[in-house]
Amino acid sequence: PSARAQRIPHSATRIRDDLDSRAMAGAAQTTAQTSRKPAFSAFSQQQLWARRPALTPALTAKGMISLGVACFAVGAAISLVGSRLIGSLLYCAVNTRPDVAFAVGYLCRAMGRPTPDLYAAALRVLFYLHHHRHVGLRYEADSREMSGMSDSDWAVKHSTTGYVFNYSVAAISWASKKQATIALSSCEAEVVVLNEAAKECVYQRRFLADLGFPADAPTPVATDNTGA
């Protein structure tokens with residue numbers, strides 16, 4: 001180790017694990033989880049501070065699909081910049097910002113052949129994050145059990161799976177991704193989503209049980225399709 005590393009006190013590098021998880025969950029303090037750092041770093045690279053704030057992260061699903069239809073050759077510069085930008089947005093979508101998961105998921109489908117329209121759509125997500133940079137996940141002590149919601153965006157080819165699970169007044173797990181199979185109806189697409197949501201629900205229940213918070217009742221997972 002270097003001399004600089006040796007000057008760091010041992011207490012500063014030691015990880016403390018002497019807090020009871022139940023005491024932490026029952027505390028009155030709340031935790032705010034934001035995605036300012038990755039969003040800000042992306043803005044510094046693009047030099048787009050405070051330009052054209054977007055109120056929504058994406059266009060409609062039909063508009064997002066149409067952006068990837070006309071795939072033509074683009075310069076290497078926009079391809080590299082677009083890939084870096086979408087990579088930064090993906091960090092936000094996966095870790096701290098479920099509100100941009102759908103838009104970023106669509107953008108990731110065309111990273112191999114980006115177009116100027118797709119690059120503009122990525123910038124729209126970036127503008128949205130900058131306009132709502134103070135929005136985050138806020139967790140509070142709550143007696144309610146975990147609950148989930150699922151939905152699908154049915155398409156002619158591959159539909160989109162989306163679900164979210166809430167615990168302690170905020171989202172703890174979410175996903176928005178392309179379905180592996182082609183659904184022949186909206187009901188079939190909803191069944192595929194419920195299958196993915198059920199697997200995630202089982203995992204989260206086991207994880208909470210390992211932390212000392214076993215579920216006392218079945219976990220509700222809502223859907224908007226009666227046939228499913």
Side-chain angles (χ1 to χ4, degrees), residues 15-42 53-58 61 88-106 108 124-153 160-177 190 192-226 228:
I15 299 176
R16 298 188 59 187
D17 193 19
D18 55 352
L19 296 178
D20 183 38
S21 57
R22 292 183 178 273
M24 294 175 61
Q29 297 180 350
T30 59
T31 302
Q33 195 176 31
T34 62
S35 59
R36 297 182 186 178
K37 185 174 181 180
F40 281 3
S41 62
L55 300 179
T56 57
S88 299
L89 297 176
L90 184 62
Y91 178 88
C92 299
V94 172
N95 293 280
T96 60
R97 296 299 295 264
D99 51 339
V100 301
F102 175 79
V104 177
Y106 261 100
C108 291
R124 179 188 177 93
V125 181
L126 199 59
F127 297 145
Y128 170 83
L129 289 175
H130 180 250
H131 186 66
H132 300 86
R133 57 188 179 275
H134 300 297
V135 176
L137 298 176
R138 185 180 180 89
Y139 298 99
E140 300 179 1
D142 189 75
S143 59
R144 287 174 293 184
E145 299 286 348
M146 181 182 67
S147 61
M149 294 177 288
S150 67
D151 196 9
S152 69
D153 180 38
T160 302
T161 288
Y163 62 79
V164 60
F165 287 90
N166 295 323
Y167 188 71
S168 297
V169 199
I172 60 172
S173 176
W174 60 86
S176 179
K177 55 186 178 181
E190 294 285 352
V192 174
V193 175
L194 285 173
N195 178 54
E196 295 294 328
K199 291 187 290 186
E200 181 66 20
C201 179
V202 172
Y203 170 79
Q204 294 296 337
R205 285 173 61 93
R206 292 176 178 176
F207 180 69
L208 290 174
D210 291 340
L211 294 179
F213 304 100
D216 299 328
T219 301
V221 180
T223 184
D224 60 353
N225 191 294
T226 56

His132 and Tyr128 aromatic ring geometry - parallel, tilted or perpendicular at 30°/60° bounds: tilted

As a quick check of understanding, evaluate side-chain hydrogen bond (donor to acceptor under 3.5 Å, both in side chains) for Glu200 and Ser173, giving each step before the final call. CA-CA 8 Å; Glu200 181 66 20; Ser173 176; 2.7 Å; yes

Shortest non-hydrogen contact from Phe165 toward Ala197: CZ-O, 3.2 Å

Show the nearest heavy-atom pair for residues Tyr106 and Thr160, with the distance to one decimal. OH-OG1, 3.5 Å

Compare every heavy atom of Thr219 with every heavy atom of Met146, then report the nearest pair and how far apart it is. O-CG2, 3.2 Å

Rounded distance (nearest 0.5 Å) linking atom CG of Leu194 with atom SG of Cys201: 11.0 Å

Flag, side chain of Trp174 to backbone of Asp99, donor-acceptor distance under 3.5 Å: no

Minimum heavy-atom distance Arg205-Ala217, with the two atoms named: NH1-O, 3.0 Å

Distance in Å, Glu145 CD paired with Phe213 CZ, rounded so as to fall on 0.5 Å steps: 11.0 Å

Sequence neighbours left out, what passes side-chain contact (heavy atoms from CB on, under 4.5 Å) with Val169? Give chain and number order. Glu140, Asp142, Arg144

Indicate the atoms forming the closest heavy-atom contact of Val125 with Ala103, along with that distance. CG2-CB, 3.9 Å

Gap between atom CE of Met149 and atom CG of Asn166 - 0.5 Å precision: 5.0 Å

Any side-chain heavy-atom pair of Arg97 and Leu137 under 4.5 Å: no

Close side-chain approach of Leu126 and Leu89, heavy atoms under 4.5 Å: yes

Taking the side chain as C-beta and beyond, is there a heavy-atom pair between Val94 and Val104 under 4.5 Å? no

Quick one: OG1 on Thr223 to OH on Tyr163, what's the gap to the nearest 0.5 Å? 14.5 Å

Return the minimal non-hydrogen interatomic distance between Ala93 and Ala101, and the atom names on each side. CB-CA, 3.9 Å

Student check: side-chain heavy atoms of Leu90 and Cys108 closer than 4.5 Å: yes

When you measure from the side chain of Tyr139 to the backbone N and O of Ala171, does any donor-acceptor pair fall under 3.5 Å? yes

For Leu129 and Cys92: C-alpha separation, side-chain torsions, deciding distance, then whether side-chain contact (heavy atoms from CB on, under 4.5 Å) applies. CA-CA 9 Å; Leu129 289 175; Cys92 299; 4.1 Å; yes

His131 side-chain N/O to Phe127 backbone N/O, donor-acceptor pair under 3.5 Å: no

Heavy-atom check, side chain of Asp153 versus side chain of Phe102, under 4.5 Å: yes

